[in-house]
Every structure is written in C-alpha cells, then in structure tokens.
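Here is the naming used below: chain letters follow the sequence lines, and residue numbers restart at 1 for every chain.
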Amino acid sequence: KKELFMKLYRDVNENLSEIYRIFSRGGKASLELENPENPFEGGLDIKASPSGKKVRLLKSLSGGEKSLAALAFIFALQQTNPSPFYILDEVDMFLDADNAGVVSRIIRENSQKAQFIQVTLRKVTLKQTEHIIGVMMQNSGVSEVVMKPNIDDFVEENRPMEVKT
Amino acid sequence: KKELFMKLYRDVNENLSEIYRIFSRGGKASLELENPENPFEGGLDIKASPSGKKVRLLKSLSGGEKSLAALAFIFALQQTNPSPFYILDEVDMFLDADNAGVVSRIIRENSQKAQFIQVTLRKVTLKQTEHIIGVMMQNSGVSEVVMKPNIDDFVEENRPMEVKT
Amino acid sequence: VHLKEIELENFKTFGGKTRVPFSQGYTAIIGPNGSGKSNILDAILFVLGPKSSKSLRAENLTDLIFNGGAKGKAASYCKVSLLFDNKDRSMPLDHDVVRLTRHVKLSGSSAGYSSSFYINGEKSSLKEFDSVLTSAGILSDGYNMVRQGLITSIIETGPIERRRILDRVS
Amino acid sequence: VHLKEIELENFKTFGGKTRVPFSQGYTAIIGPNGSGKSNILDAILFVLGPKSSKSLRAENLTDLIFNGGAKGKAASYCKVSLLFDNKDRSMPLDHDVVRLTRHVKLSGSSAGYSSSFYINGEKSSLKEFDSVLTSAGILSDGYNMVRQGLITSIIETGPIERRRILDRVS
Ligand SMILES: Nc1ncnc2c1ncn2[C@@H]1O[C@H](COP(=O)(O)OP(=O)(O)OP(=O)(O)O)[C@@H](O)[C@H]1O
Ligand SMILES: Nc1ncnc2c1ncn2[C@@H]1O[C@H](COP(=O)(O)OP(=O)(O)OP(=O)(O)O)[C@@H](O)[C@H]1O
Ligand SMILES: [Mg+2]
Ligand SMILES: [Mg+2]
C-alpha cells in the first residue's frame, strides 16, 4: 500500500513541477509530505513559487496563484492515468487573462489525444476551443441548447494590463 | 440575547428579500431557521428562487445563482448597521454579465452615501465605477500602483447570450 | 472512443427531449448563470459517474427529474443516453456506436423510484456499465471530471484531506 | 468621513514607500493575478481590522514585512498609514485629516517583533484606535469588509456556522 502511494506521489510530483513551470512561465511547484517516513500519518501540501517570487505554501499565495497551482496539481494527477475523455467546469474562473490563456492553450494541445468538454465564461478560453455549444433558459425554467451561439454577445476578454500611464 | 438575535434575524430577512428581488429581477429569497423556537440549537439556511423557478435551498442552485444569493445576504447584513466605508474583493467572480451588471449598479447607487473600494477583474463592473486604480508587479516581485491604467487592456466584457441561431 | 452525442429526457432543467451533439477535440459550453451548463455535465456523470445522488447535487435520484420549471408539469421519469463512437473498439462491444442509457422513474416501490441501465437498448446493469467504461479507460471517480468548485475545495481543504486524494487514486 | 489616502512602507509586496490616493464614491482596483490587489485591502485591514495575523493571510505579523521579492533584500519593518478626511468630525478628533498609522518592526524581544500605533504622529494604542473607529461607524469585524473567498465560504459552510454569523453581529 505504501509502495503504491509513494510511486503515485513521485509521479504526480514530477508531472506537477513540469506542468506548473509551463503554466507560470518559469515558476516552480512541488508536493511536500508532512511525514515522509509514514505518509499515512501526515498530510500533503503544495508549494509553489510564481516566477520571480520566493517559494511559499499554497495558503500564502494570491487567489489566482492558488488556483493555478491547484489546477496544475489536478492535471498532474490526470497525467498518471490518461483517459480518452475529460470534463472541466469553470476551472478558469480565478485566472487573469495571461494565466487563462496559457491554460487553454495547454488544453488545446492535449485535445489532440483526448476529448475535452469545458464549461467556461471567458472569451480568452474560447479563442482556443474548436467547438462551442450555447445553453439558454427561457422564462419557463426549461433549458435549451443553441448549437451556433454568437460568442461576441456572450463572453469577456481579458488582456494583460499594460502600464500606459 | 435571543431578543437581539431575533430582531437582527427579522431585519436581515426583510433586507434580503428586497435586495434579492432587485438582484434577480423578480426572484424571491428568505432566511430559514432550522429551530425557530430555540434558534441557538439549529442552523440558518438561505432559500432562493431565481425569477421563473421554484424555491430551492442554496445548495441546489447553480454556482452563479448561489453567489448572487450569498451576496444579497451580505448586503442585507451590511444594511442593518451602515458604515461610511466598504471593501469588496472580487465579489462578482461567479456572476454572468447580467448579474454582475445589476450588482455593480446597486453598489454605484449606494456609493452616493458611503465609500466603496472593490477589487474586480470584470469590465461590466468597471462601467459603473467612478475611479480606477491599477496594480502591476514587475519581475522584481515588487508591486507598483498605476493611477490611470488603460482599462481596455485589462478586463473582460460579458453580455447576455442572445439566441442568434 | 469519444462522446458523439447526449440525449436528455426530463433531466433537471432539460424538460422534454434534448439532443446535444459533440465532436472530438476541444468543446466549450457557454451560457448565463443557472441556464443549465453544469446540468449537462451532471447528465454525463449520471451515466458514467458515481451512482450516488450527492455527486449530482441532488438529495435523491428523484430530484434529478424535471420539476416542471416555472409553470409546467413535473415529469415522472428522467433518462440520459450517452452515444460513444466505438470504431476503435476500445469498448469491448462489437458496435460502431455504443449507447449507454440510464433511466430513473417514479414508482410505487418502497424506495419511491426504480433505476435501470441499458446498453444499445438492451437491459444491462451497473456492473456491466463499469466494466465497459473501465476497459475503455473512462474512470468516473478519478480527477478526469473536474466539477464546479473542485479547485476551491482542493485549495481550502486541509493537508490530510489533500493526501487522501492520492490515497484514493493509488 | 472617507479614506483619502493609504501610505504603505514595506507592507507585503509593496517594498519601499508607496502612496495610493482614494476619492469618495466608487473606486475599482484592477491588476493581474498576484500583482498585489488583495494586499492593498490587507493593508487597510492591518490598521482597521482585527489585529490577528491570520485575518491578513499571514502566520505571524512579521510575515507582513516585505521579504525582498525575487532578488531584493528583506526589510526589517513595515508601516501602513490610513489618512481619513475628517471634516465632518465623525472621528472625535479636532483635525480635518486623521492619520492612523500601524508599525511592526523586527526586534530582539522574545516575541521577535514590536507593534505600535500612532494617531497623527503621536503614539497611541489599539484601544484608542478602536474607540475612534467605532465612533465613526467603521466596524472592522462586521461584513463591511468582504474578503476574497468570503462568498464561497458562506455558500459552502453548514447551517450552524451560517447562523453563527448572525450571533456575532447581534
Ligand atoms: N429536477 C430539476 N428540475 C428543474 N430544475 C432543476 C432541477 N434540478 C436542478 N434544477 C435547477 O437547475 C439550475 C442549475 O443549473 P446549472 O447548475 O446547470 O446552471 P449553470 O448554467 O451551471 O450556471 P452557473 O454559471 O451559475 O454555474 C438551478 O436553478 C436549479 O434550481
Ligand atoms: N511579506 C511579503 N513579502 C513579499 N511578498 C509577499 C509577502 N506576503 C505575501 N506576498 C506575496 O503577495 C502575493 C499575493 O498578492 P495578492 O494576494 O495581493 O494578489 P492579487 O493581486 O490579489 O491576486 P489575485 O487576482 O490572484 O487575487 C503572493 O504572491 C505572495 O507571495
Ligand atoms: Mg455551473
Ligand atoms: Mg486577490
């Protein structure tokens, strides 16, 4: 049991540091066991340092930085056991334009090998998706599917803030 | 003690149903005590029915519907004891364009009587704010304040999805 | 194998019959708050996922049946079919299209409802579903289905609970 | 009374001295993830808010001191001043501008740091801060300061914890 756990731990840790390096354009992330000798007696923490910053535990990062690290952890877990099919529900919610853009580019790359279905409210994400399905609700409380929704009417666009003083 | 609690409960409940009616363009929301006789022995739930839907407990609403009801609850609490000064950190995160637009319009109205400082990533919210402060981080890991940031470079715009089939 | 289409009948906010075609690659689902986006993902999980109602944001399986919305009549059953393109035969069935159907209907039994499974129209069982999905590598309890709010809960949860994620997967 | 300006010195990511002017009415703060937006709100809470470090997303008060960032040198103190327009005299002090300053510096004492309060440059105390703020109606532990993530925690928390919100306010 401990063997299996430690093998998964090492695999996820390796995947995490690679995925987070790409997500944060050069940052470092790793897992940390509270009790490496007896893993089942302690917990697991995620350490991350966005590029240009010192390494910190998940809880002292900003909202967006935490969600980027947590998403990298989920993707690292997924990589240990590939599936033909993934669903993601508003995973880009806390990310600014740059981060949401990088994440959706990675998903686009992964969608060559597997099917991805993602609920999103972000225009920056829609730039990468190949197909879009709209859902509307009429006053009746019944949902309807719209196969070719007009995107411009729907989602927001985030660009990194330029310092135009 | 019970007296004070019940008075606050009635006030917040009244404020909530009014605020939520405006937020959801016609929906109903109310508080519910698990044990109305001995409130301190039970919990508190929020019931809401977005306009055109049956009444449901918070947990069976959608992500955005929940956050609109929770925000209405917070504003209902704030109304019981007005302050000259409020801070809000990304409260519009889960809302679609319509809902984020209504909320920021209400805050704009309230900002005639008190000062509101809100961190946001949404362009729909910025349409209502009077002043905007930008924050940037250089590679050094040091934050800088930008007094007149160029908004177009920064935030997203959400519009309700029109069914243009 | 990839998902070609979903057929929903009276599932949550999808009153009546609704077809949602899917393509391979990367698909986005967009729409206003409360319009039914996450309900589509719940429909997928209803067939593929853990069979408990809790994971579908419902107290009981009968809460998944369309409740009539604003003014309509509540339905007495709900049904979801997932159609998979099986040309690569990764599902051990000799069909180009495999249609997995789950059906819940109100009934007079003590539980108040009956729940049944079908493969290509023939009565099947939860066990058979699981074996067909596992051989195709479609895990329902892995982290391949990232529900709304999972990211926040991984961040907010304590280290012990976070370690348990690895326990479950290993 | 309204907030006219914040002066930050070595507070979290704000190394060196930074001034942030505010106007009455409705102000937005925008910027990329991790740029320091919530840190500005933490600076306000550092002076007005509950005095514990936990509410400022820090283990200890000394974690609030600028740690040098990527390549810089860690500072040995942090200081935040909030300047309020007091022309309406809602703060019981006979000044048009009231400047509330909180200062934390590393020291050789057993706690490892010292923390001090100033009003318009004169040494003051936490108690005096609280009395000046309360008479102006600026509550720090009420729901007037909605931190990042509060909405999610109200939704996710159980009914008992939710009731406790009313207990605390009443
Ligand atoms: N059995 C049912 N019959 C009718 N409506 C239902 C049923 N079960 C749930 N609902 C409704 O479905 C709605 C939730 O939809 P869903 O979670 O799919 O929204 P969403 O599009 O994901 O929104 P968001 O962007 O806010 O996450 C709720 O308003 C809820 O009341
Ligand atoms: N004492 C300190 N010295 C230097 N950096 C610090 C200090 N304390 C916290 N930080 C850094 O501050 C950053 C968090 O900033 P903040 O929470 O203000 O971001 P934000 O702009 O609100 O981002 P988001 O949009 O993701 O919420 C983290 O990267 C953290 O490492
Ligand atoms: Mg949803
Ligand atoms: Mg923040």
Side-chain angles (χ1 to χ4, degrees), chain A residues 20-29 32 34 45-72 89-104 121-122 124-125 156-165, chain D residues 8 10-16 18-21 27-46 52-75 78 104 145-156:
Chain A
Y20 187 77
R21 194 179 59 68
I22 300 168
F23 274 5
S24 64
R25 284 85 77 203
K28 294 191 201 57
E32 184 170 84
E34 287 180 345
D45 232 314
I46 301 173
K47 286 193 317 193
S49 67
S51 58
K53 294 186 179 169
K54 294 189 168 36
V55 180
R56 303 180 80 93
L57 282 184
L58 204 58
K59 64 168 179 294
S60 58
L61 296 176
S62 82
E65 292 171 332
K66 280 185 208 170
S67 95
L68 196 65
L71 192 54
D89 197 346
E90 300 199 21
V91 295
D92 51 6
M93 169 77 75
F94 302 94
L95 305 179
D96 64 22
D98 277 352
N99 288 329
V102 171
V103 168
S104 53
L121 297 177
R122 308 288 295 269
V124 57
T125 298
E156 297 178 89
E157 180 51 58
N158 231 344
R159 279 172 290 279
M161 187 163 108
E162 270 123 57
V163 189
K164 291 207 178 72
T165 19
Chain D
L8 304 120
N10 298 325
F11 184 83
K12 287 201 168 189
T13 47
F14 291 89
T18 311
R19 275 187 53 250
V20 189
T27 302
I29 300 178
I30 64 177
N33 288 147
S35 54
K37 302 185 295 293
S38 298
N39 288 344
I40 291 181
L41 301 186
D42 284 347
I44 295 175
L45 285 176
F46 174 61
S52 82
S53 58
K54 281 280 173 293
S55 69
L56 298 168
R57 300 181 295 155
E59 290 296 301
N60 312 306
L61 287 179
T62 52
D63 291 351
L64 301 173
I65 301 172
F66 176 60
N67 67 11
K71 309 183 186 62
K73 215 170 105 290
C78 72
V104 166
M145 318 263 181
V146 182
R147 310 180 54 64
Q148 197 169 356
L150 175 66
I151 297 217
T152 310
S153 75
I154 286 183
I155 293 169
E156 302 297 333

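The NZ atom of D:Lys37 sits 6.5 Å away from atom OG of A:Ser62, with the distance rounded to the nearest 0.5 Å.
A donor-acceptor pair under 3.5 Å is absent between the side-chain atoms of D:Asn33 and the main chain of A:Glu65, judged by distance alone. With hydrogens and angles disregarded, a donor-acceptor distance shorter than 3.5 Å links the side chain of A:Lys54 to the backbone of D:Gly69.
There is no contact between A:Leu68 and chain D, counting heavy-atom distances below 4.5 Å.
Between D:Asn67 and A:Arg56 the shortest side-chain heavy-atom distance falls below 4.5 Å.
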